[in-house]
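Comments concern the structure below.
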Amino acid sequence: MKSIINQAYDPQHFNQAGLQVIESLTSAFKKAQTLPIPHTIQFELPEDQLAFWQNDLDNREDTNLLNLLENVMAKSINLHSRGYLGHQVPPTLPVTILTSAIIAYLNNGMAVYEMGMAGNAMEKLVIAWLAKHFGFGEEASGLVTSGGSLGNLTALVAARNYYCFQHPQVKADELAIMVSEEAHYSISRAFTVMGIPLENVIKIPVTDQFNIDITQLETLYANAQSKHVFCIIGCACSTATGAYDNLAAIADFANKHQIWFHVDGAHGAPAIFSPSYAHLLNGIERANSIIVDFHKMMMVPSLSTALIFRDKKLSRYTFTQNAQYLWDDSQSDEWYNSGKQTFECTKPMTILHTYAIMKIYGDRIYQENIEHLYGQAKIFAGLLKDTGKFELACEPQANIVCYRFTEGKGDLDELNRQILKRTLDKGNFYIVSTTIGGQVYLRSSIMNPMVTQSDLKELIGSIITITQEMDK
Ligand SMILES: *Cc1c(COP(=O)(O)O)cnc(C)c1O
C-alpha cells in the first residue's frame with residue numbers, strides 16, 4: 001500500500017482536487033454576481049455549529065475535499081454576496097485567491113533574507129509606491145505586518161523609542177498619547193502591551209461629524225503637563241462611522257510640539273488613489289508613520305498591512321535591539337533583512353497579493369473601487385433619508401453608513417436590535433450594529449464593488465418589511 005504521505009503529495013491527486021475546488025468557486029462567483037442576491041448567512045447558534053462539525057469530524061469515511069468545501073461555505077458568511085453589508089472586510093479580489101495558493105506553496109517565511117528573497121524585494125517596491133502616493137520622499141521606508149493592530153503597535157513602539165532615546169529620564173508611566181475618542185481599540189491595547197497606563201491615553205472629543213475637535217488640542221495638551229505626550233494619532237478614517245480627522249491641523253499641532261504624528265489609515269487611507277476623495281487625507285504627507293490595511297479597501301485576504309515611515313531613520317526605532325545601530329548613519333539600512341523591524345519572526349509572504357494586483361491592474365482598480373464604494377454609501381444614505389423612516393448618525397464620508405429606524409413606538413434601541421436580529425435570521429442580508437452616543441444604530445460597510453443601487457434598495461425594503469411583520 002502507498003504511504004499516506006506519498007498519497008498526500010501525489011501531483012495527480014493535487015491536480016484533481018484543485019480543479020474541483022476552482023470549478024466550485026467559479027460557480028459561487030457566478031451566483032454572487034447575478035440575481036436574485038444569493039443567501040448571505042445561514043445563522044446558527046454556536047452549539048449547533050459545534051454539533052455539526054463534531055458529526056462531520058466523526059465521519060472519517062468522507063475524505064472528499066469538495067464535500068468539505070461545500071459544507072464550510074454553507075456554514076460561513078458569504079462575503080461575495082451583494083447582501084453582505086456588514087463589517088469592513090472585502091470580498092477578496094479573485095486573483096488573490098490564486099495568489100493565496102502560490103503563497104501557501106512557497107511558504108517562504110520572510111524573517112531572514114534567503115527565506116524571503118522575492119517577498120522582501122516586493123515589500124520594498126510596494127511600500128515605495130504607496131509612500132509616493134502619500135507624498136513622502138525617497139527617504140521613506142516601511143514594512144508589512146500581519147494586520148493593522150500589529151501595525152499600530154509597531155508604529156507606537158517606534159514613536160515611544162524615538163522619544164525616549166532623546167529623553168532618557170522619562171519613565172513609562174509618564175508617557176502619554178493623544179487620540180480621538182473614536183479611535184480603534186487597537187491603540188489602547190497597544191498601550192497596554194507597551195506597559196503604559198491606559199489613563200495616559202488622552203481621548204480627544206469629536207464633533208457632531210465624529211472627527212476630532214481640533215479646537216481642544218492645545219487645552220488637552222496643556223492639561224497633561226505632568227505627562228510626556230510623545231505622539232498624536234489621526235484617524236483616516238474612524239472604524240465606527242468612517243469619519244476622517246483633520247490631518248493638516250494635527251500635523252501643525254505635532255510640529256509645534258515636536259511630537260510624533262501617526263495616521264491610522266487602516267480603512268480609509270486608500271482614498272489617496274481617487275482624485276475625488278484624496279482631499280480627505282490632506283496633511284497625511286506630514287505624518288511620521290501611516291498604516292494601511294491591504295485587507296480592507298485594497299481587496300486582499302486577511303491579514304496584510306503596510307506600515308510606512310516618512311523617514312527610514314525612524315523605522316530603526318521599532319525593534320532594533322542594538323542602540324548603536326540607531327545613530328550609526330553609516331550602517332546600511334539592510335532593507336532586505338526585514339525581520340529586524342518586525343515583531344513577527346515567520347511571516348507569510350502576503351505582499352504577493354498586492355504586488356500582483358498592482359502589476360496586473362494598476363492604480364486604476366483602487367481608484368474605481370474607492371469611488372464606487374464611497375459613492376454607493378452616499379446613494380444609500382440618500383435612499384434611507386428618502387423613506388422618511390430612518391435617521392443617519394452623520395453623512396457618510398467613506399463607505400460606512402450608520403442609520404436607525406425611527407418610525408415606531410416605544411424603545412427605538414430595542415426596535416433596531418430586533419431589526420438586526422430578524423435580518424440575521426432571514427439571512428438574505430448581513431448588517432451589523434454599533435452604539436453611538438448611547439443609541440443603537442444599524443451599520444453597513446459597503447465593501448463589494450459589485451453592489452448596485454437596486455441591491456441597496458432591496459436591503460431597505462427588507463428592513464421595512466421586517467418592521468411591518470413585527471407590528472402584526
Ligand atoms: C480595522 C482597523 C484596525 C485594526 O486592523 P486589523 O487589521 O483588524 O488588526 C485599526 N484601525 C482602524 C481604523 C481599523 O479600521
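Whatever order the structure lists them in is the order used to number ligands and atoms, beginning at 1. The chain is numbered in sequence order, starting from 1.
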Quiz prompt | R404/E391 salt bridge by N-O under 4.0 Å criterion | solution = yes
Quiz item: Would you call K256 and D252 a salt bridge, using N to O less than 4.0 angstrom?
Solution: no
Practice problem: Say whether C237 and ligand 1 are in contact under the criterion: heavy-atom distance to a ligand atom below 4.0 Å. | Solution: yes
Quiz item: Which part of A266 is near ligand 1, with near meaning a heavy atom under 4.0 Å away: side chain, backbone, both or neither?
Solution: side chain
Exercise. Among all protein heavy atoms, pick the one closest to atom 6 (P) of ligand 1 and tell me residue, atom and distance.
Key: G148 N, 3.3 Å
Exercise. Would you kindly say whether T99 and H353 are connected by a side-chain donor-acceptor distance under 3.5 Å?
Key: yes
Self-check item: Parallel, tilted or perpendicular: ring planes of Y366 versus W129, cut at 30 and 60 degrees
Solution: tilted
Quiz item: Within the side chain of S180, is there an N or O that forms a donor-acceptor pair under 3.5 Å with the backbone of I212?
Solution: no
Quiz prompt | Nearest-neighbour protein heavy atom for atom 11 (N) of ligand 1, which is reported as residue plus atom name and distance | solution = D264 OD2, 2.7 Å
Quiz item: Among protein heavy atoms, which sits nearest to atom 3 (C) of ligand 1, and what does the distance come to when rounded to 0.1 Å?
Solution: K296 NZ, 3.4 Å
Quiz prompt | Any S186 heavy atom less than 4.0 Å from ligand 1 | solution = yes
Practice problem: For atom 4 (C) of ligand 1, grab the closest protein heavy atom and report residue, atom and distance to one decimal in Å. | Solution: H184 CE1, 3.4 Å
